[in-house]
Amino acid sequence: MATGLYLYGIFADQIPDEMVWEGIDHELVHSEVIEGFSFLYSVVHKEKYLASRRYLICHEKVLENVMEAGFHTLLPLRFGLVVKTWETVIEQLIIPYQNQLKELFTKLSGKREVSIKIFWDSPSELKRILECNQELKKQRDDMLGKTLTMEEIIYIGQRIENSLYQCKQEIVQVFRDQLNHCAQEVVENEPMMDDMIYNTAYLIPWDQESEFSQKVEAIDQQFGDRLRIRYNNLTAPYTFAQLM
């Protein structure tokens with residue numbers, strides 16, 4: 001027995017009924033127009049969903065499928081949003097945020113979010129830094145095998161850390177210089193793991209993704225094996241669809 005409606009996102013256009021996708025718990029995904037907003041939803045049998053990998057992938061895949069079908073302008077909703085009735089949607093979302101929702105649709109029309117995550121191998125970068133900075137390398141090598149004071153440990157540690165930071169900033173600046181001017185908006189997020197040095201989302205014109213990806217590829221070739229670049233060219237615009 002159904003217990004509620006699982007919401008995936010809000011679209012500028014109604015999704016035709018003949019377009020069939022499978023959503024959470026293998027239920028079919030439907031579109032419902034409420035107060036001029038087209039909600040993508042499926043019937044669910046639970047009141048709450050844990051953020052498991054399987055469910056998260058399913059949520060994202062539904063939105064990606066619709067975008068790939070040509071419905072590009074959307075406001076993605078957070079994972080696990082289950083409501084009892086459409087009246088709840090009207091009272092808690094549409095009435096208080098109607099103007100902001102319309103403004104976001106205007107902002108995102110004809111735009112897409114793409115993202116870049118950059119990874120490096122810090123031991124390899126440190127080795128490279130020491131090869132280029134013989135004075136720092138000599139200081140580090142002279143301390144190997146010795147009993148060091150706390151001041152000496154802090155000193156050499158700070159010099160190495162500062163060198164790695166400077167190297168990281170130089171790499172990041174290349175991406176900023178080459179890509180930021182291509183985007184309407186850029187949001188730099190915090191890295192999610194130790195070997196990630198850059199985590200950024202770009203809002204770009206939908207039809208300029210090919211040109212943007214070529215720039216990313218050129219930067220990738222510039223750095224060679226030093227970096228691993230994870231580029232996502234099709235993602236729901238979570239970063240740029242935030243209600244204030």
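This chain uses plain numbering: 1 for the first residue, then up along the sequence.
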What I want to check is whether the side chains of [X] and [Y] have a donor and an acceptor closer together than 3.5 Å.
X    : Y    : value
N99  : E103 : no
D25  : Y6   : no
Y8   : S42  : yes
Q221 : E217 : yes

Main-chain N/O of [Y] paired with [X] side-chain donor or acceptor, under 3.5 Å:
X    : Y    : result
T3   : K46  : yes
E209 : P205 : no
K107 : F240 : yes
R230 : I116 : no
D220 : V216 : no
N199 : E190 : yes
H72  : L108 : no
Q14  : V33  : no
S213 : S210 : yes

Heavy-atom pair with the smallest gap, counting every atom of [X] and [Y]:
X    : Y   : result
I24  : C58 : N-SG, 3.5 Å
A51  : F79 : CA-CE2, 3.4 Å
P237 : L74 : CG-O, 3.5 Å

Hey, mind stepping through H59 and L63 against side-chain contact (heavy atoms from CB on, under 4.5 Å) and telling me if it holds?
-> CA-CA 7 Å; H59 182 102; L63 296 177; 4.1 Å; yes
Quick one: do D195 and R228 satisfy salt bridge (Lys or Arg N to Asp or Glu O under 4.0 Å)? Show the steps, please.
-> CA-CA 10 Å; D195 61 345; R228 289 182 293 114; 3.1 Å; yes
Would you mind reporting whether [Y] and [X] have side-chain heavy atoms less than 4.5 Å apart?
X    : Y    : value
R226 : C167 : yes
D13  : I15  : no
F37  : L101 : yes
I118 : Y231 : no
V174 : Q222 : yes
N232 : T235 : yes
L7   : V83  : yes
Y202 : I204 : yes

Residues at least two apart in sequence or cross-chain that pass side-chain hydrogen bond (donor to acceptor under 3.5 Å, both in side chains) with S115, listed by chain then number, are none
Look up atom [atom1] in [X] and atom [atom2] in [Y], then write down how far apart they are to the nearest 0.5 Å.
X    : Y    : atom1 : atom2 : value
N180 : T200 : CG    : OG1   : 7.5 Å
Q184 : Q208 : CD    : CD    : 11.0 Å
K117 : L227 : NZ    : CG    : 15.5 Å
M67  : E60  : CE    : CD    : 9.5 Å
T239 : E188 : OG1   : CD    : 12.0 Å
Y41  : I34  : OH    : CD1   : 8.5 Å

CG (D177) with more than 12 external heavy atoms under 6.0 Å = yes
Atom OH of Y165 with >12 non-hydrogen neighbours under 6.0 angstrom | no
CA sep, side-chain torsions, deciding dist, call: I197, F119, side-chain contact (heavy atoms from CB on, under 4.5 Å) | CA-CA 6 Å; I197 64 172; F119 302 83; over 6 Å; no
Report the C-alpha distance between E47 and K84 in whole Å, list the side-chain angles of each, state the deciding distance to 0.1 Å, and finish with yes or no for salt bridge (Lys or Arg N to Asp or Glu O under 4.0 Å).
-> CA-CA 9 Å; E47 294 183 355; K84 291 286 188 181; 3.1 Å; yes
Between Y198 and W120, is the ring centre distance below 6.0 Å?
-> no
Path from [X] to [Y] over hydrophobic side-chain contacts below 4.5 Å:
X    : Y    : answer
L93  : I95  : yes
V62  : I57  : no
M196 : V186 : no
L28  : F11  : no
Y238 : W206 : yes

Chi angles and distances behind the side-chain contact (heavy atoms from CB on, under 4.5 Å) call for M19, W21 = CA-CA 7 Å; M19 305 188 77; W21 294 283; 3.5 Å; yes
Residue pair E161, Q166: steps toward the side-chain contact (heavy atoms from CB on, under 4.5 Å) verdict = CA-CA 9 Å; E161 183 178 343; Q166 183 61 36; over 6 Å; no
